[in-house]
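Below you'll find the structure, written out as structure tokens, and then a few comments.
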Amino acid sequence: MLSKTIESALNNQIKIEAESSQIYLAMACWAEVKGLEGVANFMYAQSDEEREHMLKLVKFVNERGGHAKISQLKEPNATFNSFKEMFQKLLEHEIFVSESINELVHISLNEKDYATHNFLQWYVAEQIEEEAVARTILDKINLIGDDKGGLYLFDRDIENLTVTTAAADTTE
Ligand SMILES: [Fe+2]
Ligand SMILES: [Fe+2]
């Protein structure tokens, strides 16, 4: 059984994952209308992943005697000045999500809820990976600079981007 404190903290994370999915969907749309199909597909996939993160939490809350809350979401930013700015926002957002997960882990220990603590380890590992992917992308974009040919190749290659982290074997 979840304590009320844990239930509301998990419900807050459900909202954050849902908003992440919306933010990345808006980024996918912007990339698509700008003609960068690879980036758009990459962001559509990121958006789907965030929805999976949300659903995993929803099911956990409901299974453990809580009631998952489906909240109204903030409208995401729809336009960006550049792809660099878009990916900077993505990294900033992932860092914000990591901080939120860390806070959740802290609350689960305070509440002595070891089942939730164990469940959250998947998210801890996932955040290491997502931040690493965002940093790798930004490094590549910084190398490209304003080179249109570079952006064309980047768009072609981004869908096959793989980043190996020390935490990779603990995530799917
Ligand atoms: Fe997530
Ligand atoms: Fe994420």
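In this chain, numbering begins with 1 at the start of the sequence shown. Every number for a ligand or one of its atoms is a count from 1 in the order of the listing.
Atoms of the protein (N, O or S only) found under 2.8 Å from the Fe ion (ligand 2) are E50 OE2, E94 OE1, E94 OE2, E130 OE1.
Residues N11 and H67 share a closest heavy-atom pair of ND2-O, 3.3 Å.
You'll find the side chain of L36 stays beyond 4.5 Å of the side chain of Y152, heavy atoms only.
With sequence neighbours excluded, the residues forming a ring pair (Phe, Tyr, Trp, His ring centres under 6.0 Å) with F119 are F60, Y123, listed by chain and number. Every residue two or more places apart in sequence or in another chain that forms a salt bridge (Lys or Arg N to Asp or Glu O under 4.0 Å) with E131 is listed here: R135. Partners of F96 by side chain to side chain contact (heavy atoms under 4.5 Å, CB included), not counting sequence neighbours, listed by chain and number: I16, H93.
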Step-by-step salt bridge (charged side-chain N to carboxylate O under 4.0 Å, His left out) determination, K34 to D155: CA-CA 11 Å; K34 291 282 167 190; D155 183 57; over 6 Å; no
